[in-house]
Amino acid sequence: MNVVPELKPDDYATDQEVRWCPGCGDYAILKAMRKVLSDVGADPEQTVFISGIGCAARFPYYMETYGFHTIHGRAAAIATGTKLANPDLDIWLVSGDGDSLSIGGNHLMHLLRRDIDLTYLLFNNEIYGLTKGQASPTSRPGTVTPSSPSGSYDRPAHAVAFALGSGAGFIARSYDVAQPHLVATMKRAREHRGTSFVEILQNCIVYNADIFADVTDKKVAGDAQIHLEHGAPLVFGKDGDKGLIFDVKTLSLKAVALGEGGVAEKDLLVHDETNAVLAGLLGAMDGHALPMALGVIYCAPERPAHRPAHPDRPRGDAMAALLDAHLRKGHTWHVA
Amino acid sequence: MNVVPELKPDDYATDQEVRWCPGCGDYAILKAMRKVLSDVGADPEQTVFISGIGCAARFPYYMETYGFHTIHGRAAAIATGTKLANPDLDIWLVSGDGDSLSIGGNHLMHLLRRDIDLTYLLFNNEIYGLTKGQASPTSRPGTVTPSSPSGSYDRPAHAVAFALGSGAGFIARSYDVAQPHLVATMKRAREHRGTSFVEILQNCIVYNADIFADVTDKKVAGDAQIHLEHGAPLVFGKDGDKGLIFDVKTLSLKAVALGEGGVAEKDLLVHDETNAVLAGLLGAMDGHALPMALGVIYCAPERPAHRPAHPDRPRGDAMAALLDAHLRKGHTWHVA
Amino acid sequence: MNIQIQDPAAERKTPVERQSIEAAVVRFAGDSGDGMQLTGSQFTLATAVAGNDLVTFPDFPAEIRAPVGTTFGVSTFQINFGSREIRTAGDRLDVLVAMNPAALITNLEDLRPDGLLIVDASAFQDRNLKKAGYETNPLEEDDLDRYRVLALDISKLTQATVKAVDGVQVTNKEILRTKNMWALGLVLWLFGRDVAPTRQWLGVKFAKLEDIATINIAALEAGFAFGETTELAHNVHAYEVPPAKLDAGEYRNVTGAEGICWGLATGAHLADLPMIYCSYPITPASNMLHILAGMTGGFGIETFQAEDEIAAVTAAIGASYGGALGVTGSSGPGIALKTEGIGLAVATELPIVIVNAQRGGPSTGLPTKTEQSDLYQAVFGRNADCPLVVLAARSPGDCFTMAVEAVRLATKYMTPVMLLSDGYIANSSEPWSIPEVAGMTPFTAQTNVVPDNFAPYMRDADTLARPWVAPGTPGGIHRIGGIERSETTGNVSYDPANHQTMTDLRARKIANIAHDVPEQDVTRGDGAGDLAIVGWGSTYGPIGRAVTNLRDEGHKLAHIHINNIWPLPRNLGALLANYAAVLVPEMNNGQLVTLLRAEYMIDARSLPKVSGKPFNVSEIEDAAREFLGETS
Amino acid sequence: MNIQIQDPAAERKTPVERQSIEAAVVRFAGDSGDGMQLTGSQFTLATAVAGNDLVTFPDFPAEIRAPVGTTFGVSTFQINFGSREIRTAGDRLDVLVAMNPAALITNLEDLRPDGLLIVDASAFQDRNLKKAGYETNPLEEDDLDRYRVLALDISKLTQATVKAVDGVQVTNKEILRTKNMWALGLVLWLFGRDVAPTRQWLGVKFAKLEDIATINIAALEAGFAFGETTELAHNVHAYEVPPAKLDAGEYRNVTGAEGICWGLATGAHLADLPMIYCSYPITPASNMLHILAGMTGGFGIETFQAEDEIAAVTAAIGASYGGALGVTGSSGPGIALKTEGIGLAVATELPIVIVNAQRGGPSTGLPTKTEQSDLYQAVFGRNADCPLVVLAARSPGDCFTMAVEAVRLATKYMTPVMLLSDGYIANSSEPWSIPEVAGMTPFTAQTNVVPDNFAPYMRDADTLARPWVAPGTPGGIHRIGGIERSETTGNVSYDPANHQTMTDLRARKIANIAHDVPEQDVTRGDGAGDLAIVGWGSTYGPIGRAVTNLRDEGHKLAHIHINNIWPLPRNLGALLANYAAVLVPEMNNGQLVTLLRAEYMIDARSLPKVSGKPFNVSEIEDAAREFLGETS
Ligand SMILES: Cc1ncc(C[n+]2csc(CCOP(=O)(O)OP(=O)(O)O)c2C)c(N)n1
Ligand SMILES: Cc1ncc(C[n+]2csc(CCOP(=O)(O)OP(=O)(O)O)c2C)c(N)n1
Ligand code: SF4
Ligand code: SF4
Ligand SMILES: [Mg+2]
Ligand SMILES: [Mg+2]
């Protein structure tokens, strides 16, 4: 690797005009991404953005790194091939909720179980942006769209639950305009070895505007969000006056008011990002009855890599000799 | 529906020669299936078996009901179409672990989240039988096969965890030769409304013989299995002398010996099949540190069906009139 | 040059004298946010109501909402209308309305010399000019001298109008959004059209936003009044385009997407089947999903938005297996994904209809642009010998007819039918003589009747179709599958002779359909001559116009337009042999031409165009002239 | 009829007199559990070592392990060997070894009249007879009179032999499993072959099971000795098949699957690239995955068993994007699923090799049977105008050559290359003169070199290839994608003229490859004549034999065998024009013939065969005779 001069966020911008709708949450994510790369001093030549198809998937065009805008739903498989070809690359995968969880669900599942070392950013706007607003698998029941004029029927897919069920080793969540939080979360994801899965709630201002406002709106954020920190008690609330405890009877989480009924911070559940069961409980909270969990929901302890390292090979004559020997293995005979 | 005469298990057999390897676990499942239909008095004319491709997927040929042997991995989508066309049908979907969790993972996920009312039988032999023994996504790491001569690398997919993560409403497990248990489990699955997902451990005697023996072998079954019953304490062990408790510190299950340290049956966890968190914990037990859970692992409380009932339509002239009116909606004009 | 910026307070002029013309091509071009599609549709409506024949061509940007003022954010709507038969959206514009510099720079080259250019001068500001790539303001240069330019400060004009309306509570932004209605009003006046239908439509659209309705209507009427009352530049005439001689009947505008959906619904009705439309969104096929999802009023239509295209086609197969009419629709890349599934439908001989709204490729290609390059895929694009029926629609109205035919053939012959439309047909519209569904002959398909001596692969002696017995049918228990099946019984068979028999049967069944579809007619011209121009799909318009023009010049050529792509019409080979030369214009690199050459050993020549745009009439004329021994 | 069941204790006979013959066809047929594939391979080895030319044809049941004794559980292995050039596995059998009634009933019709039938009489028991569908024991009827029948109680013979071996601890079941070795011994004797290679092989195979090795070797030698010592029926001769005149060199047997894998590995070496083979198991392509997965000894080959075929092809694309040689292999239905992905490789101009081991279809079809019916899919089967290179291998050895060529063309022209083999080639074997990799000219591909004035879609003036710059390369940062790209810069472009340019470039790049591949030669015969029989792929053998036979009879015909399916060889049209007629035998319903007719306007005629079986030489001869004006 060559020495990378210090780069500012803007140095990661290409000369291509950014073509999202004005006000789209994707702009904020783009901004955060450039900051992440600048902060960690990423070498643009060793960095690759791979995406599927969708509004989100235009991302690579705007990053002055290597980039591949592929086809709908297959970015996970393509990135797997690229990583196998060159394990040194720092690969970022950008994909929408339709791209990831509708047509691409199978590849996402297998990427996660194979734990290929890359960072997966799922831009979840709960809608198909690029194709003009049809319901996505993450759309809430009853979402009225051109393809569901009487409201969508199907129970939504849940990104975090799906990732856990698929065996993901790293799961985090943030949202578009939560700049410092998003930047920090993406950095953690980049550090983790194996597939790091990050759900980013993203506002599609045209087809699903403000769908996350009940969680992200500044006015409600305090009570509707909980920011996770490994080893720290699960405190939330505008004034840090609430917390989560575990109810053994129902095997579920419960919100409590600190101070009330004698509950102190020490009585609260402590976040353990290595605990998959806790991850399932936290991941499921939707910001209504319980606050939505943001940050690193799950980070499995280092898992053994089973796939052998990239195979070495001799070159030139040495390889020719190897092949010539291989072709002559087993029974051969000579004709004079 | 017409009156169905009483049918014996053998009455559900076709005239086609069964073409599995002698000793294959599929025979036992076939036997159980015929018994299920006979026991519940299923009308063969209202019953359909739909399968993908694989050894397991030959199933429909052997059932004297309607049947469709389709293509690899797509049975879930095909069955969805059939159910939409005729909601009265009793549909059984038969699929191998490769068919379901490799090529077919995406359709399985979406079937489960849509909760289409049918019974899904996943024959898990942890191997690709039909194509002669390659590793499947459920194969254990290190499985030596023609496609993984140095042992398979990838972390296995977990059927129950995947089903939970996909939002399944009914999840059960049994195994091929556990005849009464398998029959009872399939009956429960059939009764449940929505997609009932049943993992059946199945012995592929040719390519993965006895891979489940450490759980299913009569000699170890007592300690390696736990049979779930809703509302009953989680007791297991050859002599019913062990049980499961919940460890709040680690949010995990723990096996205890009854009597030891004063643990009595009343201290044990009670199975609540409506609790998804418990389902996750039970489903993950693999028969080694903790016994493998058999029976109904999860059965969600009745969930509202969002999809409207099959649309009614007028016929003949009435429909023609409806269409003629529709074509004339909006601006029209007359040319004389 | 001297551009005259009109003042709204200009004097009242003398009563309008309208110049009568046979046809005109108008294009509205503006920013995506400028509402050009609505403007175009409303002008279309007024034009249709006035009795003209017409063809429209909407062209959207690929971006959802591109930044304001950019060239890639320009949205256009073109209409060709006239008192004669209109076949294309028109090669060259008579009138271009450009709402900003980006719209001007990207559309000007299509305006004919001396054509009328209406621009919103208020949008020609520094920022906009720069975004469009202009160094200087074109309105102040003399590059526009070849056109008749009407540069108006539409912002100011609109604002003035709306301010005059009493008691409405609107923002300036809302006022400026009505500029398109002002422009529409002016163009309506230009062609002597009625504002009433648009006024009515605005009232309905903004029923819940009364003030918005009011200001839009005010702007519309102001634009019209401006034409009526203001002395425009000396070279701006008002026109009259008399009604076309259309057959008597009730008419409406129809887009290709509507035509297909209504045709499918009608086909399902004629077959007496419920229909399940299984699809995954993709441009330009999504419209069909939207239209059918909206047909909730008891048509027996269910839509299923699948997780991907594979699920869509296989769910359609499952639906047909279950006794409904399974239909799936997509566009090139999505159809590619359906390939394996379609093979299953061929093997199990289940009827499904697959609609392909073709778009530019390969791969993601040009999703919002038109092309007809999936003919190879339709006819040949499956593993093994895997024949099916391929139909192509030639116009929005023809979409209806072909969709009905697709259902008829699928259900009668128990086969998948692929119906090809394209991005152009799907979105463009034409006046359509509304058919009478009540008068159509049913072709009832029965899925719950078990024939005597039933076997799943027994065959009708004429059609070679196997019986369609859906699960749930008493007495019909059987099993089917994708492994080769024994003739008649349908049981799995690896027997070599049986495989040969079944392969032959599958091919013969499809080939025989040629006897059940019309002979190929000569669309225009005589049954023999110097040149046949053979087309399919949406080249219908430009080929037709080109042939008419050349025949008017005395050339002996004919237009032959093929709807039955596979099997080809039974007389086609003989017919084509009557012409000295055969030319095949296609919006692809020469696909039908391969088929014709292979089938008939006729030295058909290709005229390919792969630019994402329909043919211009002149392109076809030019190529034809070469064959006719002339250089134009 | 009078069948003589031989007694092992029969008298020693007079020294063997061997009848010298030019060639012989032998088929071993038995239950799946009878080890016929091993038996056949060992006989092949001995035959190859003896210097014969040969072709083999293994045929497995579709079932993994069908119930014992059933007709659908029969497994066969056929070998044609001789002192002349051998081109097919042979139409008619000279010797049939049938280990049970099911093997007899399903194979007898291929035995030539007066052919030698060796049966294990001990298997002709009631149960087995019934399972095979015999009402009575055929060995006791006179239907077999037209053959020379050697019915032996091989069970008894084997048991007797093994019992004579000292000190082994084996079960009776294990003893009976050596019957195949006994039969092999006898057939080895029949043709005067050496048992040594098999003895050695058994020693290695059962290195850890000494007793099993011992009894197998004992059975093998006993079978041989039985022939040597026993007075066989008067009409059973021993044969001698002298060595063939093969070119000097080191030889081995190679299957098509091996040929392709080793060719890919060699190609990757010549291109100096690591290779990543991405695949999803499917018959008959899985073997390639198995072989390559086994090549762990430092060849720079990685295998990736993907979750499905879409992931396989797209991972291969990702691998090539990453700077490795991405390869994917599958069979018809799996290739169908790759269609969309391949379009991306065409659009982004990334090199991948796609191997299609074709099988019977449509849909699941006949997975274990051969067919060459994916030519349409290979050439035409994608959405839009989406050209790529299609190559076909004609024999197991040719698989190696074509795989190297596929890598060369893919990397030189930055294009996907589809390489067609089939179930027959993949599994059958032939002696192969082992090439010297060390002597081959490299065609190094560089993925980490940035050309001057780099732009991702700049092009080499000769090849029209764009540069291959993998991520990680200093100074080469760029982005690519599936949306249409601007010429040179590769930035997204919706410009109509650019799309036309790029479409033309894509087509021209592939068409130009015709100048870089050999001109079409005449495989056999002269460059002009009454008839050209044109073939591709695995029809090579039967066409070659048929043409040789007919030329020996004095007919003026030639065999032209095409390896370059797309683009077709540049001289092919002119060459074919030299023949009065062109006949195209294909194991499909006439696919290459479509291409030839469309391209060259030559009235080529199809000889289709779609039975899951290779052509018989006689079928081609008969069809050719009709063209040559004779009825045979
Ligand atoms: C094979 C295929 N099917 C369908 C499409 C059309 N398509 C493009 S993006 C998209 C979904 C976009 O939604 P999402 O992934 O959520 O991304 P967003 O636009 O919301 O960022 C669809 C259906 C396609 N390009 N290719
Ligand atoms: C599209 C496609 N890809 C691959 C195959 C080959 N194939 C058939 S069955 C199968 C997997 C079988 O494994 P599983 O689903 O576990 O079923 P089992 O045979 O073990 O019962 C594969 C890979 C196919 N038929 N079609
Ligand atoms: S459609 Fe939605 S997601 Fe797409 S660019 Fe516009 S605002 Fe963003
Ligand atoms: S291969 Fe395995 S799963 Fe398949 S039939 Fe044989 S034993 Fe059963
Ligand atoms: Mg989205
Ligand atoms: Mg399996």
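Every heavy atom of this structure was used, including side-chain atoms; hydrogens, water molecules and symmetry mates were not. Every chain is numbered from 1, with letters handed out A, B, ... down the list of sequences.
Y66(B) contributes a side-chain N or O that, together with a main-chain N or O of T473(C), makes up a donor-acceptor pair within less than 3.5 Å. The backbone N or O of M63(B) lies less than 3.5 Å from a partner atom in the side chain of R479(C), making a donor-acceptor pair. Side chain of Y321(C) to backbone of G67(B): a donor-acceptor contact under 3.5 angstrom is found.
With a 4.5 Å cut-off on non-hydrogen atoms, M275(C) does not touch chain B at all. With a threshold of 4.5 angstrom between heavy atoms, T65(B) approaches chain C through N, CA, C or O but not through any side-chain atom. In this structure, the portions of A48(C) lying under 4.5 Å from any heavy atom of chain B include both its backbone and its side chain. Of the atoms belonging to D312(B), it is backbone heavy atoms, and not side-chain ones, that fall under 4.5 Å from chain C. Heavy atoms closer than 4.5 Å to chain B are found nowhere in L270(C), neither backbone nor side chain. Heavy atoms closer than 4.5 Å to chain B are found in both the backbone and the side chain of L246(C). Both the backbone and the side chain of I480(C) come within less than 4.5 Å of a heavy atom of chain B. For Q200(C), the part lying under 4.5 angstrom from a heavy atom of chain B is the side chain only. For chain B, the nearby part of L273(C) is the backbone; its heavy atoms alone come within less than 4.5 Å. With a threshold of 4.5 angstrom between heavy atoms, M109(B) does not approach chain C through any atom at all. Proximity to chain B is limited to the side chain of D308(C), based on heavy atoms less than 4.5 angstrom apart. Of the atoms belonging to V254(C), not a single heavy atom falls under 4.5 Å from chain B.
Ring centers of H326(B) and F299(C): under 6.0 Å apart, within the cut-off.
Between chain B and the residues D272(C), V492(C), N491(C), the largest count of heavy-atom pairs under 4.5 Å involves D272(C). Among V48(B), T82(B), T47(B), L89(B), the residue with the largest count of heavy-atom pairs under 4.5 Å with chain C is T82(B). With respect to chain C, the highest number of heavy-atom pairs below 4.5 Å among E64(B), Q16(B), R328(B) belongs to R328(B). With chain C as the partner, the residue from I53(B), D90(B), I50(B), L84(B) showing the most heavy-atom pairs under 4.5 Å is L84(B). Among the candidates P243(C), S433(C), G298(C), the residue making the largest number of heavy-atom pairs closer than 4.5 Å to chain B is G298(C). Residue with the most contacts toward chain B among A438(C), G481(C), P471(C), A347(C): P471(C) (heavy-atom pairs, distance under 4.5 Å).
In this structure, the side chains of P435(C) and L327(B) come closer than 4.5 Å at one or more pairs of heavy atoms. For the pair T332(B) and W432(C), the minimum side-chain heavy-atom distance is 4.5 Å or more. Within the 4.5 Å cutoff, the side chain of I78(B) has heavy atoms near those of the L344(C) side chain. With a 4.5 Å cut-off on side-chain heavy atoms, H331(B) and R252(C) do not count as touching.
For the residue pair R19(B) and Y494(C), the shortest heavy atom distance occurs at NH1-CE1, 4.2 Å. A pairwise comparison of heavy atoms in P431(C) and W333(B) identifies CB-CZ2, 3.7 Å as the closest pair. Considering every non-hydrogen atom in both E45(B) and G475(C), the closest pair reads OE2-N, 2.6 Å.
Heavy-atom neighbours of K187(B) NZ from other residues, nucleotides or ligands within 6.0 Å: above the threshold of 12.
Listed in order of number, the residues of residues 439-449 of chain C that approach chain B to under 4.5 Å between heavy atoms amount to none. Residues of residues 309-316 of chain C lying under 4.5 angstrom from chain B, judged on non-hydrogen atoms, are I310(C), A311(C), T314(C), A315(C) by number. Scanning residues 313-324 of chain B against chain C with a 4.5 Å non-hydrogen threshold yields R313(B), P314(B), R315(B), G316(B), M319(B), A320(B), L322(B), L323(B), D324(B), sorted by number. Within residues 110-120 of chain B, the residues having any heavy atom less than 4.5 Å from a heavy atom of chain C are, in residue-number order, H110(B), R114(B).
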